[in-house]
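Encoded as structure tokens, the structure appears first; notes follow it.
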Amino acid sequence: MNLQINSQSYQVNSDGDTPLLWIIRDELGMTGTKYGCGLAQCGACSVLVDGEVVRSCVTPLDNVVGRQITTIEAIETDPVGKRVVAAWVKHQVPQCGYCQSGQVVAATALLKQTPNPSDDEIAAAMINLCRCGTYNAIEAAVKDLSSKEGETL
């Protein structure tokens with residue numbers, strides 16, 4: 001089957017019920033998307049599918065054929081994603097960094113859909129787990145971005 005990942009076509013020969021995460025990491029070598037819990041709870045495996053956050057550890061290939069998939073490897077090709085990464089650096093968000101690709105993907109999706117989110121919208125969208133507890137820094141980075149819509153950091 002043909003997958004569109006990061007604006008490139010990839011032909012994969014896996015079963016349709018294979019989780020997207022295994023294709024991204026194991027077959028295509030894009031290891032920025034992480035395996036966390038395998039139950040769609042932690043968000044480390046988050047990618048964008050047609051602009052929506054999807055947990056790739058439980059998303060079968062059959063569900064993404066013909067759709068645009070964006071992983072952390074290409075997030076900076078999007079102007080909003082580039083601003084999110086810059087804000088993550090500015091606010092020194094990562095500690096261990098394991099969850100951060102999923103966090104960046106979630107923040108990018110939020111800010112593309114809602115450029116100036118309220119505190120409640122940020123809390124509802126930024127639900128990925130962070131074992132290091134960088135939630136305050138994540139919130140600060142997203143708030144900083146939302147107050148600077150369209151500006152470059």
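The figures here come from the full heavy-atom set of this structure, side chains too, leaving out hydrogens, waters and symmetry mates. Here the structure is a predicted model, which is why all the values come from computation and not from measurement.
- Chaining together hydrophobic side chains whose heavy atoms lie under 4.5 Å apart places Leu129 alongside Tyr135.
- Under a 3.5 Å cut-off, the side chain of Ser56 and the backbone N or O of Cys45 do form a donor-acceptor pair.
- Pairs of residues two or more places apart, or lying in two chains, never qualify as salt bridge (Lys or Arg N to Asp or Glu O under 4.0 Å) while including a residue from residues 122-137.
- Considering all non-hydrogen atoms of both residues, Ile5 and Tyr10 come closest at O-CE1, 3.5 Å.
- Through direct or indirect side-chain contacts shorter than 4.5 Å among Ile, Leu, Val, Met, Phe, Trp and Tyr, Val58 is connected to no other residue.
- Taken to the nearest 0.5 Å, the CD1 atom of Ile69 stands 8.0 Å off from the CG atom of Leu61.
- Residue pairs satisfying the side chain to side chain donor-acceptor pair (under 3.5 Å) criterion with at least one member in residues 68-82, sequence neighbours excluded, are listed as follows: Asn6-Thr71, Thr71-Glu73, Asp78-Lys112.
- Scanning for side chain to side chain contact (heavy atoms under 4.5 Å, CB included) contacts around Asp120 gives Ser118, with sequence neighbours left out.
- Residue pairs that meet the salt bridge (Lys or Arg N to Asp or Glu O under 4.0 Å) test with at least one member in residues 132-142, sequence neighbours left out, are Glu139-Lys143.
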Show your reasoning for whether side-chain hydrogen bond (donor to acceptor under 3.5 Å, both in side chains) applies to Ser9 and Gln4. CA-CA 5 Å; Ser9 289; Gln4 296 297 313; 2.4 Å; yes
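- Between Gln95 and Cys132 the shortest heavy-atom distance is OE1-CB, 3.6 Å.
- With hydrogens and angles disregarded, a donor-acceptor distance shorter than 3.5 Å links the side chain of Arg83 to the backbone of Leu145.
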Would you mind writing out the side-chain donor-acceptor pairs for residues 98-106 within the sub-3.5 Å range, not counting sequence neighbours?
residue : atom : partner : partner atom : Å
Tyr98   : OH   : Tyr35   : O            : 2.5
Gln100  : OE1  : Trp88   : NE1          : 2.6
Gln100  : NE2  : Thr134  : OG1          : 3.4
Ser101  : OG   : Gly32   : O            : 2.8
Gln103  : NE2  : Asn128  : O            : 3.4

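- Residues in residues 58-72 take part in these salt bridge (Lys or Arg N to Asp or Glu O under 4.0 Å) pairs, two or more places apart or across chains: Asp50-Arg67.
- In this structure the side chain of Val142 reaches within 4.5 angstrom of the side chain of Leu110, judged on heavy atoms.
- Counting heavy atoms from C-beta outward, Leu48 and Val54 have side chains that stay 4.5 Å or more apart.
- Side chains of Arg25 and Thr33: a donor-acceptor N/O pair is absent below 3.5 angstrom, by distance only.
- A ring-ring contact (aromatic ring centres under 6.0 Å, His included) check over residues 56-76, counting only residues at least two apart or in different chains, returns nothing.
- Residue pairs meeting the salt bridge (Lys or Arg N to Asp or Glu O under 4.0 Å) criterion with at least one partner in residues 26-39, sequence neighbours excluded, are absent.
- Using a distance-only test at 3.5 Å, with no hydrogens or angles considered, a donor-acceptor pair links the side chain of Ser46 to the main chain of Gly43.
- Annotation: ring-ring contact (aromatic ring centres under 6.0 Å, His included) contacts involving residues 62-84, sequence neighbours excluded, are absent.
- Distance check: Thr59 OG1 to Leu20 CG gives 6.5 Å after rounding to the nearest 0.5 Å.
- In this structure Val89 satisfies the side chain to side chain contact (heavy atoms under 4.5 Å, CB included) test with no other residue, sequence neighbours excluded.
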